[in-house]
Amino acid sequence: LDSTTRQRALIVTVDNPLAQSTPLLPGSFVEAKIPGRSVDGLWQLPSSAVSQRGEVWYVTPDNTLDNFVAEISFSEGENVYVSVPSTLADKPQRVLLHPLSGYLVGIIAWFARNSVAANLLMIMVILLGVFSLSSLRREAFPSIEPDTISISISYDSGSAKQSEEGLAMKIEEQLEGVSGIKTITSTATGSGATVSVEKQSDYDLDTLLTDVKAKVDAISTFPADAKNPVIEKAEREEHSLWLQLYGDSDRQTLQQLADKLKDDLLAEDEISRVTISGWLDPMMVVEIDEARLQAYGLSLTDVENAINTGSSTPLTAVLRNDNTYLQLQASKQAYTATDFAALPLITTATGQQIRLGDVTTIRDTFDDNSSVLSRFNHHDSIALQVLTAGTGDISDTVNAARAVAEQWQDSAILPAGVELSSWYDRSTNINERLDLLIKNAIGGIALVFVLLALFLNLQVAIWVAVGLPFIFFGTLFLM
């Protein structure tokens with residue numbers, strides 16, 4: 001009898017009839033007490049005597065454990081009145097307080113009875129998490145799902161207005177009424193038009209791509225000189241690394257090097273997209289001397305025909321029989337100013353051949369409709385941006401790009417006075433964050449272990465400290 005609370009405390013030793021299949025574990029119940037009283041077939045019990053599943057566990061007169069599902073009729077303060085089977089209505093029993101769930105069943109109970117299996121599962125999950133680290137995709141920021149489709153058409157009209165009326169407006173009219181379109185944005189220049197279609201948030205991009213392609217392909221009134229439309233959906237991409245070619249060199253050399261470097265970068269499996277910044281389209285300028293042209297009795301049409309003939313694509317023919325396959329290629333493509341200057345115009349009555357260089361001045365230059373100023377370390381430069389597209393890993397992309405840059409720096413590819421540098425490595429931030437995350441995790445596990453070992457016991461501290469890596473690596477494996 002407790003002299004302070006005036007309540008009786010009873011220690012009960014009971015037999016578990018379900019010991020073979022569902023043994024009671026330490027902590028299943030807290031204590032046993034005699035209920036207050038029975039009122040009109042209802043038991044007045046503390047609310048803590050009813051488990052979460054509505055069970056009431058009691059000790060029978062022969063010291064065995066039994067239970068029934070209680071129906072709570074009403075509550076009064078911290079007490080509840082529950083209906084009981086008729087055989088027990090007038091016989092209050094010793095009732096167990098704070099039952100966790102009656103007895104332990106299911107997969108948790110199975111692992112509790114088979115510690116070897118639980119330990120093997122823990123080790124397996126940790127190992128799977130460690131192995132999955134190498135295949136886990138790393139990105140600087142979460143990528144936004146693409147939601148646009150672009151339609152590009154090349155048309156060298158020389159007039160943005162003609163491109164707008166002949167290309168952009170026709171596409172816009174054709175796309176009217178297509179389901180799933182949120183906005184349409186068009187851009188027209190003297191060299192073509194680009195139409196960007198943004199989808200509605202709840203619409204599938206692939207379905208919209210199919211619908212847009214069918215509508216655009218049905219347009220038959222594009223200008224005759226316009227190229228075929230290029231329709232593609234946007235892809236996930238993020239910046240990874242800048243590579244900069246710079247030095248005391250002319251633009252033509254820098255652009256040739258940039259073009260070759262781009263090919264080497266795209267040859268790597270980890271790199272799927274590279275863009276060049278500071279690029280100018282090459283252009284051959286032919287300035288005609290009218291006096292010389294008239295002296296030889298030539299016209300502008302003669303010069304135009306000679307240039308078109310000399311800059312045509314190679315012609316390919318195939319000769320074959322049962323034993324031989326022979327491919328012949330006749331190339332008339334002119335590439336340099338020297339090649340264009342050697343193009344024949346006419347042959348005079350005296351047998352003299354007049355060439356294009358005799359009546360014109362030819363300069364190998366760049367598009368003068370665009371202006372680019374690209375400087376790096378006080379030198380002319382051209383930059384290549386390495387992007388991570390799709391589901392690529394930013395760290396793998398940067399490592400592959402740096403490997404190619406080191407090969408260039410160690411070889412004799414770069415001419416004297418030209419250097420190759422890298423900057424704005426975006427993988428540095430994410431690698432530093434991952435390192436900080438690992439350090440914090442190790443420090444947290446150590447702190448939990450020390451505190452539990454000091455205030456509880458060493459065994460609890462060890463199992464809790466081991467459980468944290470289990471949770472962490474299990475999460476990595478499921479990702």
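Checking side-chain atoms of D302 against main-chain N and O of S299 turns up a donor-acceptor pair under 3.5 Å. At least one donor-acceptor pair under 3.5 Å links the side chain of K170 to the backbone N or O of T221. Side chain of H379 to main chain of E419: no donor-acceptor pair is present (N/O by atom type, distance under 3.5 Å, no hydrogens or angles). At least one donor-acceptor pair closer than 3.5 Å links the side chain of S163 to the backbone N or O of T189.
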Residues I151, L175; criterion side-chain contact (heavy atoms from CB on, under 4.5 Å); working and verdict: CA-CA 12 Å; I151 307 166; L175 295 181; 4.2 Å; yes

Full working for side-chain contact (heavy atoms from CB on, under 4.5 Å) between I153 and I171: CA-CA 11 Å; I153 305 180; I171 295 175; 3.7 Å; yes

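Within a 6.0 Å sphere centred on CG of L300, other residues, nucleotides and ligands contribute 12 heavy atoms or fewer. In R355, the CZ atom is crowded: over 12 heavy atoms of neighbouring residues, nucleotides or ligands sit closer than 6.0 Å. The neighbour count for E290 CD, taken as heavy atoms of other residues, nucleotides or ligands under 6.0 Å away, does not exceed 12.
No side-chain heavy atom of R426 sits under 4.5 Å from any side-chain heavy atom of S240. L167 places a side-chain heavy atom less than 4.5 Å from the side chain of P223. In this structure the side chain of L436 never reaches within 4.5 angstrom of the side chain of E432, judged on heavy atoms. Between F376 and W423 the shortest side-chain heavy-atom distance falls below 4.5 Å. Counting heavy atoms from C-beta outward, W463 and L458 have side chains that stay 4.5 Å or more apart. In this structure the side chain of S186 never reaches within 4.5 angstrom of the side chain of E164, judged on heavy atoms. With a 4.5 Å cut-off on side-chain heavy atoms, Y155 and D225 count as touching. Looking at D217 and K213, their side chains come closer than 4.5 Å, going by heavy atoms from C-beta outward.
Interatomic distance, NZ of K262 versus CD of Q255, reported as 12.0 Å (0.5 Å rounding). With values rounded to the nearest 0.5 angstrom, L245 atom CG is found 12.5 Å from D380 atom CG. Once rounded to the nearest 0.5 Å, the distance linking CG of D264 with CH2 of W408 reads 5.5 Å. Here the straight-line distance linking atom CG of L298 with atom CG of L345 works out to 6.0 Å at 0.5 Å rounding. The NZ atom of K199 sits 10.0 Å away from atom OG1 of T207, with the distance rounded to the nearest 0.5 Å. Taking CD from E198 and CG from L205, the interatomic distance works out to 10.5 Å, rounded to the nearest 0.5 Å.
Side-chain polar atoms of S159 and S157 form no donor-acceptor pair below 3.5 angstrom. For the residue pair S374 / S381, a side-chain donor-acceptor distance below 3.5 Å is found, with atom types taken as modelled.
What you find for A188 and A160 is that their closest heavy atoms are CB-O, 3.6 Å. Taking all atoms of both residues into account, the shortest heavy-atom contact from G474 to V125 is CA-CG1, 3.5 Å. Here the shortest heavy-atom pairing between S249 and V418 reads CB-CG2, 3.7 Å. Contact detail for E172 and I184: the closest heavy-atom pair is CG-CG2, 4.1 Å. Nearest heavy atoms, A401 versus L265: CA-CD2, 3.9 Å. The two residues G166 and F222 have their closest heavy-atom pair at O-CD2, 3.5 Å.
A search for side-chain hydrogen bond (donor to acceptor under 3.5 Å, both in side chains) contacts involving D259 returns nothing, not counting sequence neighbours.
Note on D147 versus K182: no salt bridge recorded, every NZ/NE/NH1/NH2 to OD/OE distance being 4.0 Å or above.
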